[in-house]
Amino acid sequence: MEITSLVKLSKGRAKICLDNGADFVLYKKEYESYGIEEGAELSEASYEEICREILIPRCKKRALHLLEKQDRSEKNLRDKLKEGGYPSDIVDIAIDYINDYGYLDDARMAASHVRFYQDSRSRNRLRQDLIEKGISSDVIERVLEEEYTVDEQELINRLLEKKGYDKENATYEDRGKMYRFLAGRGFSSESISKSLS
């Protein structure tokens with residue numbers, strides 16, 4: 001395999017691109033020890049050793065570190081690992097490793113998100129948040145059914161009260177501002193209008 005490019009990154013790392021389409025990131029000491037430089041050849045055995053000895057353990061460790069900080073969806077974890085310069089096949093191995101230990105659970109992450117934000121966001125907004133996180137629609141609907149316990153009209157009224165909205169003395173601009181605020185939280189026009197008037 002020919003090394004088509006070696007792009008230096010921050011912290012003494014470099015992105016190595018091979019002619020077979022594989023890209024990966026190594027530290028300077030690592031790529032120098034394998035004689036990796038632009039235009040040089042990298043044997044299949046060396047590439048497999050790099051994957052086995054460096055990339056796979058590092059990717060697993062990175063995945064665990066990312067999950068240590070917060071629950072993530074599988075899609076979000078995959079995206080983060082790919083951003084870190086890990087090839088797709090290495091990411092697959094790390095995700096399988098994480099799944100074997102039960103550390104990755106989209107339903108648990110979705111339930112946690114719903115419980116945390118249900119006092120400030122509508123059911124629709126929470127659904128959109130979870131779609132963006134890559135959670136499947138059947139998991140989203142099940143979690144919302146189980147976890148979302150808020151009466152949205154009461155929630156709108158609490159949010160308006162918290163914002164100091166006085167519907168008796170509100171100007172057209174005040175109503176418009178509150179309408180945009182509540183629409184941004186995903187509430188329906190009908191529910192917003194009912195509370196603003």
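It should be emphasised that the depicted structure is a prediction, and the values quoted were computed from it without experimental measurement.
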Are side-chain heavy atoms of Lys167 and Leu196 found at a separation under 4.5 Å? no
Residue from Pro87, Cys59, Cys17 passing side chain to side chain contact (heavy atoms under 4.5 Å, CB included) with Phe24: Pro87
Side chain to side chain contact (heavy atoms under 4.5 Å, CB included), that's the test. Do Met109 and Leu104 meet it? Break it down for me. CA-CA 8 Å; Met109 191 282 298; Leu104 198 57; over 6 Å; no
Please give me the minimum heavy-atom distance between Gly84 and Val25, naming the atom from each residue. O-CG2, 4.1 Å
Would you say the side chains of Ser195 and Asn157 form a donor-acceptor pair under 3.5 Å? yes
Answer with yes or no whether the hydrophobic clustering places Val7 together with Leu18; edges join I, L, V, M, F, W, Y residues whose side-chain heavy atoms lie under 4.5 Å apart. no
Are the charged groups of Asp129 and Arg125 less than 4.0 angstrom apart, N to O? yes
Summary of side-chain hydrogen bond (donor to acceptor under 3.5 Å, both in side chains) pairs that have at least one residue in residues 36-50, sequence neighbours excluded: Tyr34-Glu49, Ser43-Ser46
Within this structure, what is the NZ-CD distance for the pair Lys194 and Gln153, rounded to the nearest 0.5 Å? 5.0 Å
Would you name the heavy atoms of Ser112 and Asp71 that are closest together and state the gap between them? CB-OD2, 4.5 Å
What pairs of residues pass the salt bridge (charged side-chain N to carboxylate O under 4.0 Å, His left out) test when at least one of them lies in residues 23-34, not counting sequence neighbours? Lys15-Asp23, Lys28-Glu32, Glu30-Arg58
Are Leu81 and Leu64 linked, directly or through intermediate hydrophobic residues, by side-chain heavy-atom contacts shorter than 4.5 Å (ILVMFWY only)? yes
Does the pair Asp138/Arg142 count as a salt bridge with the N-to-O cut at 4.0 Å? no
Interatomic distance, CD@Gln118 vs OG@Ser120, rounded to 0.5 Å, equals 9.5 Å
Leu182 reachable from Tyr179 in the ILVMFWY side-chain graph, under 4.5 Å edges: yes
Does Glu190 CD have over 12 foreign heavy atoms under 6.0 Å away? no
Test side chain to side chain contact (heavy atoms under 4.5 Å, CB included) applied to Arg121 and His113, step by step: CA-CA 11 Å; Arg121 297 180 185 173; His113 185 84; 4.0 Å; yes
What one should report as the nearest heavy-atom pair of Ala40 and Gly35 is CB-O, 4.2 Å
Would Arg78 and Glu74 pass as an ion pair if we require N to O under 4.0 Å? yes
Would you give the length of the straight line joining atom CD1 of Ile90 to atom CG of Leu55, rounded to the nearest 0.5 angstrom? 5.5 Å
Parallel, tilted or perpendicular: ring planes of Tyr101 versus Tyr103, cut at 30 and 60 degrees: parallel
Does NZ in Lys133 sit with more than 12 non-hydrogen atoms of other residues, nucleotides or ligands closer than 6.0 Å? no
Measure the CD-CZ distance between Glu152 and Arg185 for me, rounded to the nearest 0.5 Å. 12.5 Å
Can you check whether Ile135's main-chain N or O pairs, donor with acceptor, with Ser73's side chain at less than 3.5 Å? no
Heavy-atom pair of closest approach, residues Asn124 and Gly186: CB-O, 3.6 Å
Could you walk me through whether Ile50 and Leu42 pass side chain to side chain contact (heavy atoms under 4.5 Å, CB included), step by step? CA-CA 10 Å; Ile50 289 168; Leu42 181 67; 4.3 Å; yes
In terms of hydrophobic clustering (I, L, V, M, F, W, Y; side-chain heavy atoms under 4.5 Å; direct or indirect links), are Ile140 and Phe116 co-clustered? yes
Pick out which of Glu132, Glu145, Glu147, Glu141 makes a salt bridge (charged side-chain N to carboxylate O under 4.0 Å, His left out) with Arg127. Glu141
Closest approach of Arg108 to Gly102 (non-hydrogen atoms, all atoms of both residues): NH1-O, 3.8 Å
Applying ring pair (Phe, Tyr, Trp, His ring centres under 6.0 Å), name anything that partners Tyr172, two or more places apart in sequence or on another chain. none
If the test is side chain to side chain contact (heavy atoms under 4.5 Å, CB included), which one of Val114, Leu144, Leu155 qualifies with Arg123? Leu144
Close side-chain approach of Arg13 to Tyr31, heavy-atom, < 4.5 Å: no
Should Val139 and Leu67 be regarded as members of a common hydrophobic cluster, given that ILVMFWY residues are connected when their side-chain heavy atoms come within less than 4.5 Å of each other, either directly or indirectly? no
For Arg158 and Asp119: C-alpha separation, side-chain torsions, deciding distance, then whether side chain to side chain contact (heavy atoms under 4.5 Å, CB included) applies. CA-CA 9 Å; Arg158 276 200 319 268; Asp119 289 331; 3.9 Å; yes
From Leu77 CG over to Lys75 NZ, what is the distance, rounded to the nearest 0.5 angstrom? 11.5 Å
Starting at CZ of Arg115, measure out to CG of Leu126 and round the result to the nearest 0.5 Å. 12.0 Å
